[in-house]
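The shown structure was predicted, so the numbers you read here are calculated from the model rather than taken from an experiment.
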Amino acid sequence: MACGQIDAQTAFSLPAVPDTLRTAEKRAAYLLVHYWDSMDFNWPDVKSAEVEQAFADFASVLPVGTEEAARAGIDTLMNRAMVSDSVYCHFADLAEKYLYDSGSPVVNEGIYMLFLRHELATAVFSDAERQRLRHQLESVRRNAPGTTASDFCYETVDGTKGTLHKTADGVPMLLLLYDPDCDHCRDMLFNLRYNSALNLRLRAGKMKVLAVYTEEDHEQWKGTAGDMPALWTVCTDRGMIKERNLYDLRTMPVLYLLDGDKRVVLKNTSSKAVAEYLLSK
């Protein structure tokens with residue numbers, strides 16, 4: 001619940017949470033709604049680095065409370081930011097940077113969706129900008145946690161064919177969409193290869209890994225498929241995922257944790273987050 005407090009000269013300071021609020025949930029709800037109480041959104045330096053840091057701290061607190069509290073906090077912020085289109089767009093840009101960019105340490109598509117809904121309900125953006133926001137909303141809704149993962153066909157190096165939904169029925173699955181020519185993919189592959197929580201379940205038959213090549217150079221893929229861990233199913237989707245826009249491939253690799261019924265547990269996740277989840281079960 002700790003957030004970096006900004007110097008008073010920036011016209012921002014954290015609210016004092018009443019001592020009568022004892023539970024973390026209630027304290028988070030109060031903090032989210034009152035987080036920006038001291039902020040003058042007409043302040044000339046509202047776009048300063050200090051205020052951006054305050055937003056980054058706000059973004060890190062949003063998942064702590066309930067969805068209702070997060071929505072209330074976001075609505076309060078964005079309503080107050082409507083002092084001008086420029087200020088409103090600045091905070092919308094910060095939301096995209098911190099909550100939608102996969103490189104952000106506090107990325108959270110579920111929280112970002114609450115910003116998108118507020119933004120699309122205003123008349124601030126041009127038609128082209130609104131179309132981009134609607135595309136993002138479709139992206140965060142697609143294969144969201146709790147939904148059934150989009151099905152697709154695949155083929156292994158030896159020609160064996162299958163589909164996501166018919167693979168390892170009833171067994172949790174790690175779905176990896178990758179390109180062997182991608183540096184970030186190589187880092188992910190290394191981390192997953194030595195993920196002990198994952199490997200214990202793989203060896204016990206309690207987990208499946210489906211590693212799917214989604215690009216076009218199939219000769220390159222065949223040449224590298226043999227380097228993948230022996231217990232993984234390594235395959236290509238033959239372009240189906242891109243053609244039908246089944247998964248968001250704006251950054252690679254893409255990693256999902258699915259339950260035994262192919263429902264999404266973790267979306268656009270990391271090897272570390274997978275290990276933490278598996279160890280908690």
Donor on one side chain, acceptor on other, Gln53 and Asp57, under 3.5 Å: yes

Thr167 side chain to Tyr154 side chain, donor-acceptor N/O pair below 3.5 angstrom: yes

Lys47 side chain reached by Leu94 side chain, heavy atoms, under 4.5 Å: no

Val51 side chain near Asp45 side chain, heavy-atom distance below 4.5 Å: no

Pro172 vs Asp259 side-chain heavy atoms within contact, under 4.5 Å: no

Note, Arg71 side chain near Arg117 side chain (heavy atom, < 4.5 Å): yes

Sub-4.5 Å side-chain heavy-atom contact between Tyr88 and His118: yes

Note, Leu192 side chain near Leu174 side chain (heavy atom, < 4.5 Å): yes

Thr233 and Lys208: side chain donor to acceptor below 3.5 Å: yes

Quiz: residues 102-115 side-chain donor-acceptor pairs under 3.5 angstrom, not counting sequence neighbours:
| from | atom 1 | to | atom 2 | distance (Å) |
| --- | --- | --- | --- | --- |
| Ser102 | OG | Thr251 | OG1 | 3.1 |
| Ser104 | OG | Tyr98 | O | 2.6 |
| Ser104 | OG | Val106 | N | 3.2 |
| Asn108 | OD1 | Gly110 | N | 3.2 |
| Asn108 | OD1 | Ile111 | N | 3.0 |
| Glu109 | OE1 | Lys267 | NZ | 2.8 |
| Glu109 | OE2 | Arg250 | NH2 | 3.3 |
| Glu109 | OE2 | Asn268 | ND2 | 3.1 |
| Tyr112 | OH | Gln136 | OE1 | 2.5 |

Leu62 and Leu32: CA distance, side-chain angles, deciding distance, side-chain contact (heavy atoms from CB on, under 4.5 Å) verdict: CA-CA 7 Å; Leu62 281 167; Leu32 290 174; 3.7 Å; yes

Any pair counted as ring pair (Phe, Tyr, Trp, His ring centres under 6.0 Å), so long as it reaches residues 157-180, sequence neighbours left out: none

No-hydrogen, no-angle side-chain donor-acceptor test under 3.5 Å, Ser150 and Asn143: yes

Worked check of side-chain contact (heavy atoms from CB on, under 4.5 Å) between Met39 and Leu77: CA-CA 10 Å; Met39 183 72 194; Leu77 164 61; over 6 Å; no

Candidate pair Arg134 and Leu120, rule side-chain contact (heavy atoms from CB on, under 4.5 Å), full reasoning: CA-CA 8 Å; Arg134 282 193 290 267; Leu120 286 167; 3.9 Å; yes

